[in-house]
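Only heavy atoms go into these numbers, but all of them, side chains included; no hydrogens, no water, no symmetry mates. Proteins get letters first, then strands, A, B, ... in listed order; numbering begins at 1 in each.
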Amino acid sequence: MNEYITLSLILFTIGAVGVLVRRNAIVVFMCIELMLNATNLAFVSFSRQHGNLDGQVAAFFVMVVAAAEVVVGLSIIVSIYRTRRSTSVDDASLLKS
Amino acid sequence: MKTLITATDLPPIKAPEIEYALLGPLFIIAGAAVLGVIIEAFWPRATRFWTQVVVAVVGIIAALADTVWVYTDLDKVDADLVARGKVAAEGALSVDGPGVFTWGILLVFGLLSMLLFAERRLEGGMSAFTGRAADAPGSASEAEAIKLRVEHTEVFPLALFALVGMMLFATSNDLLTMFVALEVLSLPLYLLCGLARRRRLLSQEAALKYFLLGAFSSVFFLYGIALAYGYAGSFELSAIDTAVSNRSGSENMLLASIALIAVGLLFKIGAAPFHTWTPDVYQGAPTPVTAFMAAGTKAAAFIALLRVFFVAFGGSQWDWRPMIVAIAIITMFLGAVVSISQTDVKRMLAYSSIAHAGFLLVGFVGAYAGVAGSDRVTSVSSTLFYLTVYGISSIGAFAIVTLVRDSGGETTHLSKWAGLGKKSPWLAGAFALFMLSFAGIPLTGGFIGKWGVFSAAYSGGFWWLVVIGVLVSALAAYFYVRVIVLMFFTDPVGDGPTVAVPSLLTTVVIIIAALGTVGLGIIPGPVLDLAQHAGAFVR
Amino acid sequence: MTTFWLLAPIMVIAALGLLFARKAVHAALALAVVMISLAILYAAQGAPFLFAVQIIVYTGAIMMLFLFVLMLVGVESSEAVRETISGQRLFATVIGLVFGITLVLAVGQTVTGVVVGLGAANENGNPYGLAELLFGKYVLAFEFTSALLITAALGAMVLAHKERLTPRHTQADLAARRMREYAETGRHPGPAPTPGVFARHNAVDTPALLPDGTPLEESISPSIVERGQVRSGFDDDIDTVVDQLATDEQRDSDGFGGEK
Amino acid sequence: MFDLQWLLIAIPLASGALLLIWGKEADRFGHLIGTAASAASFLFGVVLFAALLGKDAEARSQSTSLFTWIDTGTFHVEMGFTFDQLSGLFVLLITGVGTLIHVYSIGYMEHDPRRRRFFAYLNIFVAAMVTLVLASDYLVLFLGWEGVGLASYLLIGFWQHKPSAAAAAKKAFVVNRVGDIGMALAIMLMFAQFGTSAIHAVNAAAPGAGDGVATALGLLLLLGACGKSAQVPLQSWLLDAMEGPTPVSALIHAATMVTAGVYLVVRSGGVFDSSEAARTAVMIVGLVTLLAGAWIGCAKDDIKKALAGSTMSQIGYMMLAAGLGPAGYPFAIFHLITHGFFKANMFLGAGSVMHGMNDDVDMRHYGALRKAMPITFATFALGYLAIIGFPGFSGFWSKDKIIETAFGENLWVGLGALLGAGVTAFYMTRLMMMTFFGDKRWKDDVHPHESPKVMTYPLIALGALSLLGGLLLVGDWIVEWLEPVVGEGEHHELAIPAIALTGIITLVAASGVALGYFTYGTKPIAAETPADSSVSVFTRAGRHELYGNQINDAVVVRPTTHLTRFLVWLDGKGIDGFVTGLADRLGETSQFLRKPQTGFVRSYALTMFGGVAILVLCLLAVTLA
Amino acid sequence: MILTILAATPIAGALILALLPRETGSHLRAKTVALGVSLITLALSLVALAKFDPESGGYQLTSTHEWISAFGAHYAVGVNGIGITLVLLTTVLTPIVLLAAFGDRLPDPRSTNAYFAWMLAVEGLAIGAFSATDAFLFYVLFEATLIPLYFLIGTFGGPNRSYAAVKFLIYNLVGGLLMLAAIVGLYVVSSRQGEASYLLSDLQDLDYSQTTERLLFLGFMAAFAIKAPLFPLHTWLPDAAGQATPGTSVLMVSVVDKIGTFGMIIWCVGLFPEAADWASPVIIVLAVISIVYGALLAIGQDDIRRLIAFTSVSHFGFIILGIFAFTTTSMAGATLYMFNHGLSTAALFLVTGIMIARRGSARISDFGGVQKIAPILSGVLLIAGLSSLSLPGLAPFVSEFLVLAGTFTRSIPAAAVATLGIVLAALYILIMYQRTMTGPLKEGTEGVTDLEPREIAALTPAIVLIIGLGFFPQPMLNAISPAIDTVMSHVGSNGGKSDPAPKSPTIVDAPAEEEGGH
């Protein structure tokens with residue numbers, strides 16, 4: 001069991017670091033997806049640990065939510081791209097201090 | 001694995017029991033939202049705007065009426081627990097006093113915000129939202145869209161979805177539903193943030209930031225849920241509570257879960273160090289959306305926070321209370337201090353909302369649940385009242401922000417507000433009133449709210465936190481007072497600000513907010529009793 | 001277990017690829033690797049339904065969406081190596097390590113208790129078990145995910161879809177309008193003649209000549225007419241050219257860019 | 001009838017208030033009202049005094065309470081008055097001399113546009129002074145005490161347009177306030193100790209309170225008395241007070257107010273009798289002031305200041321006498337009364353001289369005025385003879401008794417007093433010589449002339465009193481009269497017969513006169529004051545009032561000024577600076593804390609992630625460790 | 001009921017003024033309305049006074065209604081002798097201030113309505129605070145007075161007004177918020193011991209642990225010490241008074257700041273007698289420092305208004321000293337001092353305000369010889385000044401002496417040092433008088449004309465009261481004393497701190513009582 005959770009945590013951490021170091025909004029978003037996937041792995045593993053399917057249901061919900069989120073996120077990114085011709089998150093820094 | 005069993009061999013799945021009567025308000029709002037989407041598809045453009053407004057407003061009013069009905073109908077389940085209400089929808093929701101009270105205030109915030117959404121007089125007959133979000137700012141097609149006066153009437157169903165998400169969030173009884181609710185409330189808000197008519201770049205930037213950070217935080221929240229599940233084997237708050245009480249499972253997992261779940265919720269209420277999105281998003285978003293967000297999200301998220309921590313993690317409160325204390329102090333202090341050097345009204349209000357999150361956390365950390373048979377102000381009731389007052393004042397303040405304009409739309413730079421009191425004393429007076437309420441000056445609702453949360457903290461044994469709280473309040477008062485100085489005691493620069501004459505909608509919002517702020521300060525009794533009557537969370 | 005130990009390094013490497021790939025597309029592919037591997041792990045852990053959904057929804061739909069958008073914004077775009085925010089990478093790494101190590105040590109290595117396994121839960125088949133929960137305990141959440149999906153759809157429409165504001169003009173519409181104008185204002189329905197027709201020059205500033213020799217002003221670009229540079233077709237062109245050459249010489253000797 | 005003794009106060013007070021409020025219309029006759037009020041008060045005083053004479057010795061203390069002034073908790077003060085032998089004498093002195101001075105002022109202030117106001121102030125003074133002496137409670141006494149201080153302030157500064165007058169007025173008030181600390185603390189001590197501040201009760205209880213309390217009380221009262229009576233070390237204001245119009249100097253700063261300190265000590269006989277130390281202190285203060293005043297009197301060329309120095313000196317005598325205990329009290333009062341007569345006489349005479357000399361006060365510009373102002377000269381001479389103790393004159397009797405009693409107490413004190421008598425004779429002779437004899441040293445435009453009758457008649461009256469004041473001692477009348485109030489003094493046996501001592505005193509005075517005559521009467525006097533460098537150290541010190549102002553400056557004024565400046569700095573930069581500094585730091589903190597808000601979404605995420613890591617770490621720290 | 005009406009009348013007047021259309025002409029309407037309202041209030045307060053029984057030490061004219069039941073807060077009003085004294089002070093001073101303010105030149109002439117409305121609001125709230133017998137109500141009104149004053153200073157003050165206004169507000173808010181913490185604590189303590197209630201009578205019956213009581217006391221005291229300004233928390237006052245109009249200054253220093261000292265007696269000492277006893281040494285030291293420090297700083301000021309502000313610091317030192325000396329004498333003196341200081345400071349502020357307005361400068365060094373051209377003005381200034389230096393025969397003397405005499409029985413050093421204040425008082429007043437009024441007429445001062453009839457009418461009542469109460473303080477003391485006795489019966493560790501008895505009481509009574517006829 002431990003190894004699954006450990007893997008999940010490693011993936012999660014890698015995803016989190018990815019969010020911090022990548023500048024392309026789409027890649028940043030992919031990193032978030034990676035984190036979601038890592039979470040799903042945890043859900044599924046815990047589901048097996050506890051012997052109930054709630055975790056799997058949760059993973060299923062996460063997938064649906066992720067789908068919706070991706071749509072919204074990508075459309076926001078696209079609309080910004082149309083305006084700025086850039087997908088770098090660093091360029092969007094007018095609002096500050 | 002018997003994956004290949006044919007369907008007929010399986011026992012039928014039991015139909016779920018849904019207490020429609022109890023969940024009426026949720027379904028009304030959801031229905032109104034869906035209706036809005038349908039209208040979007042089929043209704044003629046000419047009258048679509050007002051139809052959407054009517055659907056939204058009527059829907060909210062109906063839901064509000066239903067909420068009142070539900071609230072009065074809640075039964076006293078257990079006299080000892082002083083909790084009223086029941087767990088509904090197969091354990092997904094707990095329709096209890098605090099939850100339904102939150103529905104009520106959320107619906108009121110929603111209603112007021114819808115009125116602001118519907119204001120069309122300020123932009124020469126168009127709403128505050130961009131006509132066609134897909135156009136690049138400044139492009140010819142945008143000009144065409146403006147010429148043809150197209151509007152995104154989708155904002156109404158989107159706001160209604162967010163509203164229903166908030167309501168769901170506040171009453172979720174299991175973490176999974178809570179997660180879904182979190183997303184339901186967040187996604188529309190991400191979208192709404194990017195739809196400002198003026199200053200499109202800022203608006204889009206706000207949407208992007210809100211979205212990325214929101215998604216980032218909700219992943220942590222989700223991982224927290226996973227760990228909680230790993231700990232307790234269930235998503236239900238009461239089951240987690242049982243596990244916590246029995247101390248079964250790995251302590252570490254519980255603690256990590258608490259930390260991560262806290263992150264997601266603290267992000268939504270804008271507590272430090274998860275507040276960084278707040279100023280940018282508040283500033284960039286269209287002002288009516290900011291108003292809606294500031295009032296609604298904070299209320300929903302706070303009640304969810306209280307619910308999770310009191311119901312599920314109540315048994316390990318000695319573990320998490322120090323953490324919340326630290327966060328409360330940092331949040332109050334940071335919000336109050338940084339707002340001093342702000343030059344933009346909306347940013348200042350954002351930092352102020354951070355500071356208020358800190359004050360609310362002070363009440364939360366008291367974790368005072370009251371004793372049976374006593375009328376004492378509890379953490380829950382004081383938080384409910386504070387949220388009510390803060391929301392009302394906030395909406396009022398943002399409504400006024402929409403009225404102070406120059407040729408480029410709203411003029412939010414504070415220097416442009418100089419001398420407003422001379423030009424338009426009533427408006428400036430109302431804004432000053434909201435500022436005083438934020439500062440917690442007596443005879444305004446903010447004072448009673450502060451009193452409540454401090455008393456809860458005090459009851460919970462944190463008198464020294466109360467002292468820190470009042471000192472930070474004084475700091476915070478400094479910048480509210482500065483705005484008043486600017487409006488009333490400073491001469492306007494050049495021509496000074498222009499105050500647009502709003503339609504009845506915004507006027508009504510401001511008047512209601514002002515009356516509410518004063519009313520809650522002078523006769524807080526009814527609302528306070530209502531909050532008090534809400535009792536504890538059901539488990 | 002074999003599956004796990006086989007896949008785990010691959011997944012970690014792929015995930016790291018997400019961190020280090022310069023090009024977004026490579027990152028997307030790395031992510032796809034992780035996702036597919038995950039799907040296999042799901043299957044290995046008694047979640048066949050999720051295995052399918054992971055492949056279909058995640059890898060099939062979501063990843064495709066990412067790739068679509070990547071194509072849209074330019075697949076060649078790649079990040080500069082230089083970090084713009086000072087200390088960002090360092091802090092990100094440090095905090096990531098702290099966070100990861102803490103959690104791995106504290107949580108990942110301490111999962112205790114018996115692994116119950118899903119035998120009982122999957123008694124009637126995994127999809128059935130899930131369905132029982134989805135339509136029972138989690139029915140409300142399930143229903144409200146629809147709100148999520150509607151929002152997503154609505155959002156995509158709002159942000160990306162440009163509604164036509166004016167009806168599209170068909171060819172018939174245009175022809176009808178042209179004839180109507182001809183009838184009402186006498187505007188010529190056909191295409192305008194090009195400059196220089198029948199004229200001695202076919203330069204753009206030389207009006208076409210009608211059969212009767214009269215110049216046709218409409219054949220010249222309105223901007224030229226505006227500037228008064230229309231050449232009359234009747235002047236003695238040679239003289240004009242000579243004059244012009246003289247003027248040019250004059251101008252050259254005056255120096256470059258002299259006044260006309 | 002004694003129930004109406006408050007009328008003694010009310011009449012002049014009402015008149016004063018009336019004159020102040022009435023306004024310009026009263027300018028024409030205001031002085032008459034003022035004088036009439038004072039006279040009425042005097043007449044009523046005479047009537048009461050006569051009534052007192054008619055009573056038995058035991059019934060001669062007539063108390064009355066007008067109303068309860070203050071009553072709260074344990075603190076009870078009646079607005080009560082006592083007309084007894086002592087206060088009766090004082091009332092007569094105050095209102096009598098006061099009335100004469102009122103009359104005199106009609107002439108003296110004739111051309112002053114604010115004469116009405118002057119009379120109002122004079123009336124208020126009379127009222128306050130009478131309150132002081134009639135009071136049956138120390139707090140009521142304090143009311144009168146401060147009332148006369150106020151009147152003194154107003155009158156010294158009457159010519160407000162002169163900065164020196166305004167400064168002198170302020171100085172008088174402030175120095176008096178220093179004395180008032182003593183008074184106030186004394187009353188508080190009485191209250192704490194005895195639960196009352198009624199004069200009668202306090203004096204009755206003082207012997208039983210223990211030596212320490214009595215000494216403390218006595219010293220505190222002495223401090224008050226020093227302030228009011230211009231005794232060392234609070235003497236410095238009196239010479240400056242000569243900035244006021246001369247009638248004021250005569251009434252307040254010679255005849256009445258400045259003697260209030262003596263009155264206080266005598267009144268508090270019970271207290272001083274219980275404390276040897278306090279009494280000794282009084283004596284020493286009196287002796288020192290006696291000599292210091294005389295010294296100053298020798299050196300001043302300003303006629304009023306010379307007289308003021310003399311006043312100090314004479315009050316020193318009274319103080320000395322009062323310090324001698326019951327034996328000295330009657331003589332202190334006796335000298336007080338005679339001094340009231342002759343000093344008022346001389347001050348008014350000086351005023352008359354100034355009136356004729358265009359308000360020049362420098363004696364070096366006088367000379368040979370006896371011809372130009374015969375009446376003034378004659379009356380002044382009577383005063384002169386009285387003060388030097390010319391046998392038969394009032395001062396002879398009173399001073400003689402004091403010196404005699406002093407010798408009875410202590411030889412050195414007696415010798416000091418004797419020396420004082422000699423010096424007095426010297427400086428008074430000097431004054432006489434410089435003013436009325438010798439050459440004319442008048443300024444060119446000065447044409448001395450005799451004053452009008454309204455001024456000379458009071459002079460004549462006072463001259464007569466200076467001559468006849470000694471009659472009070474006939475048959476030891478005043479001693480016996482006062483005995484019920486001040487107690488019976490034990491008589492020390494002197495080493496030599498009293499008559500011999502009188503002879504010695506007269507001889508000493510005569511030698512003083514001779515010295516004065518030979519120094520100033522036989523040689524021409526420079527019309528300009530010799531420079532400080534050309535005079536003896538003694539003269540220089542005398543001119544500078546024994547450096548009293550310099551000492552005050554160095555010890556009190558300058559340190560206070562520096563302290564004030566420092567505190568202003570401290571308040572602005574320190575206390576307020578701390579707060580504003582805090583506000584500034586807050587602003588800086590604010591600027592600093594907004595820096596992380598860089599606008600980069602990734603750094604926001606980093607902040608969040610950092611927060612997450614810290615949260616997790618903190619929560620897990622316990623179990624990890 | 002009468003108290004409610006009393007407090008509501010000025011508030012209603014303020015609302016009426018706010019709703020009256022702004023005038024462009026003479027503004028006489030707004031002014032008369034305001035004055036009329038304040039006179040009606042005065043009349044009502046006299047009615048209340050008539051109904052008040054001075055013999056009783058308890059609360060009278062009470063009325064109690066439930067207000068916020070969840071907090072246990074009541075709308076409860078009532079006055080004892082202390083309260084009615086201060087209510088009277090408020091109602092007497094307001095008409096004077098308003099009448100004197102007729103001539104104030106406002107930065108924006110259209111704001112007359114607001115100016116007078118805010119002043120009336122101050123009056124109403126102050127009356128409310130003086131008559132509240134519920135801690136919560138008191139707190140609310142106490143804090144609410146900040147708002148009108150804030151606007152009065154900030155809108156109508158001198159060039160540096162917004163700094164002064166903010167400083168005023170923040171200082172007082174810090175104190176007020178600390179008090180809020182204590183108010184919250186009271187609730188918690190109260191609700192732990194049964195039904196939560198903020199009623200004064202209920203709170204007095206509570207049992208506090210020692211630490212709790214002390215902390216709560218400090219919370220209350222912080223607010224009051226800032227309000228009343230006690231060294232070293234006084235620095236807001238000179239700035240505020242230096243910038244505000246004279247009328248505002250009077251309302252602030254004479255009336256509203258009294259809520260601080262009033263609160264010390266009624267709330268600090270009344271609710272936490274043991275803690276008050278515990279803290280009294282420190283407070284007495286601070287009070288004595290205030291007395292001397294305020295006076296010394298007053299001497300060092302060149303700005304007349306700042307000077308008066310510092311004199312007030314000194315005087316508040318006396319009041320606080322009197323309260324915490326815990327003798328009936330000193331406490332009664334302190335209470336009377338509140339009234340008298342109100343009068344004398346009002347007279348000082350108003351008359352110097354007139355002077356300053358005419359000269360266009362508040363610097364002492366810009367004046368000189370005014371007496372010559374404005375004798376009435378200088379006379380009034382002198383009387384006001386003399387009352388400020390506690391000349392016997394003027395009202396403040398009685399109170400100051402009672403304070404000192406009472407203190408003396410408790411602590412001789414404190415009384416002795418405080419007595420130094422009377423010398424310093426003479427210095428600061430007389431130096432100011434000397435520099436402004438006497439000497440040759442200074443250039444630029446010619447414009448200082450004498451008082452007009454209206455101004456005389458405004459100042460006369462104050463002067464008359466100052467003189468009258470100097471001789472006849474007894475009616476007030478009669479009302480105050482029973483209330484003080486009640487307060488005293490609570491102070492101290494074992495229920496009631498008695499006055500130190502005279503060490504050697506007199507055998508004979510005062511002769512006046514023995515033989516004199518009354």
Side-chain angles (χ1 to χ4, degrees), chain D residues 3 63-65 67-76 78-80 82 136-137 139 142-143 145-147 150 157 160-161 163 166-167 170 173-174 177-178 180-181 184-185 187-189 191-196 198 200-202 204-205 208-210 213 563-565 567-568 571 575-576 579, chain E residues 232 235 293 296-297 299-301 327-329 332-333 369 371-372 386 391-393 398 401-402 404-406 408-409 415-416 419-420 422-423 426-427 430-431 434 437-440 471-474 477 480-481 484 499-513 515-518:
Chain D
D3 285 352
S63 291
T64 172
S65 172
F67 56 87
T68 301
W69 187 15
I70 303 170
D71 176 24
T72 177
T74 50
F75 197 86
H76 185 101
E78 289 288 324
M79 188 60 91
T82 303
S136 67
D137 192 294
L139 201 64
F142 193 51
L143 172 67
W145 187 266
E146 292 279 298
L150 171 66
Q160 297 192 327
H161 53 89
K170 183 193 72 191
F173 198 97
V174 172
R177 275 256 148 174
V178 176
D180 292 347
I181 292 183
L185 285 173
I187 300 174
M188 290 174 217
L189 180 56
F191 174 68
Q193 191 70 31
F194 309 120
T196 178
H200 181 71
V202 168
V213 173
L563 178 66
T564 306
R565 279 203 204 118
L567 286 181
V568 169
D571 197 60
I575 297 176
D576 203 34
V579 178
Chain E
T235 51
Y293 184 86
L296 282 171
L297 274 164
I299 294 170
Q301 298 302 315
T327 62
T328 43
T329 310
Q371 197 274 341
K372 196 173 278 177
L386 291 173
L391 189 81
V398 177
F401 199 82
L402 285 174
L404 288 173
F408 195 90
T409 60
T419 311
L420 267 184
I422 71 171
V423 178
L427 270 177
L430 295 182
I431 289 176
Q434 180 196 351
M437 292 297 160
T438 66
F471 287 97
F472 306 105
Q474 203 46 45
L477 284 172
I480 293 169
S481 300
I484 295 296
D499 290 320
K503 292 182 188 72
S504 43
T506 49
I507 310 112
V508 214
D509 277 340
E513 288 176 350
E515 13 182 320
H518 283 260

Heavy-atom pairs under 4.5 Å with chain D are the metric here; pick the option from [options] that has the most.
| options | result |
| --- | --- |
| E:G333, E:G393, E:S481, E:G369 | E:S481 |
| E:P232, E:G406, E:A332, E:P473 | E:P473 |
| E:L386, E:T329, E:T327 | E:T329 |
| E:T409, E:I484, E:T419, E:T328 | E:T419 |

Region of [X] that comes under 4.5 Å of a non-hydrogen atom in chain D:
| X | answer |
| --- | --- |
| E:I480 | neither |
| E:I299 | both |
| E:I431 | both |
| E:Q474 | both |

Is it the side chain or the backbone of [X] that comes within 4.5 Å of chain E heavy atoms, both, or neither?
| X | value |
| --- | --- |
| D:L563 | side chain |
| D:L150 | side chain |
| D:V579 | side chain |

(Q) Among D:W69, D:F75, D:F191, which residue has the highest count of heavy-atom pairs closer than 4.5 Å to chain E? (A)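 Looking at each option in turn, the highest pair count goes to D:W69.
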
Per-residue tally against chain E (heavy atom, under 4.5 Å) across D:V174, D:V178, D:D71 peaks at D:D71

Which atom pair, heavy atoms only, marks the closest approach of [X] to [Y]?
| X | Y | answer |
| --- | --- | --- |
| E:T438 | D:A166 | OG1-CB, 3.2 Å |
| D:I181 | E:L420 | CD1-CD2, 3.9 Å |
| D:D571 | E:Y293 | OD1-OH, 2.7 Å |

Treating [X] as the side-chain partner and [Y] as the backbone partner, does any N or O pair qualify as donor plus acceptor under 3.5 Å?
| X | Y | answer |
| --- | --- | --- |
| D:S136 | D:G80 | yes |
| D:R177 | E:I422 | yes |
| D:T68 | D:I70 | no |

Heavy-atom side-chain contact between E:F471 and D:L143 under 4.5 Å: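 Counting from C-beta outward, E:F471 and D:L143 do come under 4.5 Å.
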
Check your understanding: Given side chains that start at C-beta, do those of D:F67 and E:F472 come closer than 4.5 Å, heavy atoms only?
Key -> yes

In this structure, CG of D:D3 is separated from OG1 of D:T64 (nearest 0.5 Å) by 4.5 Å

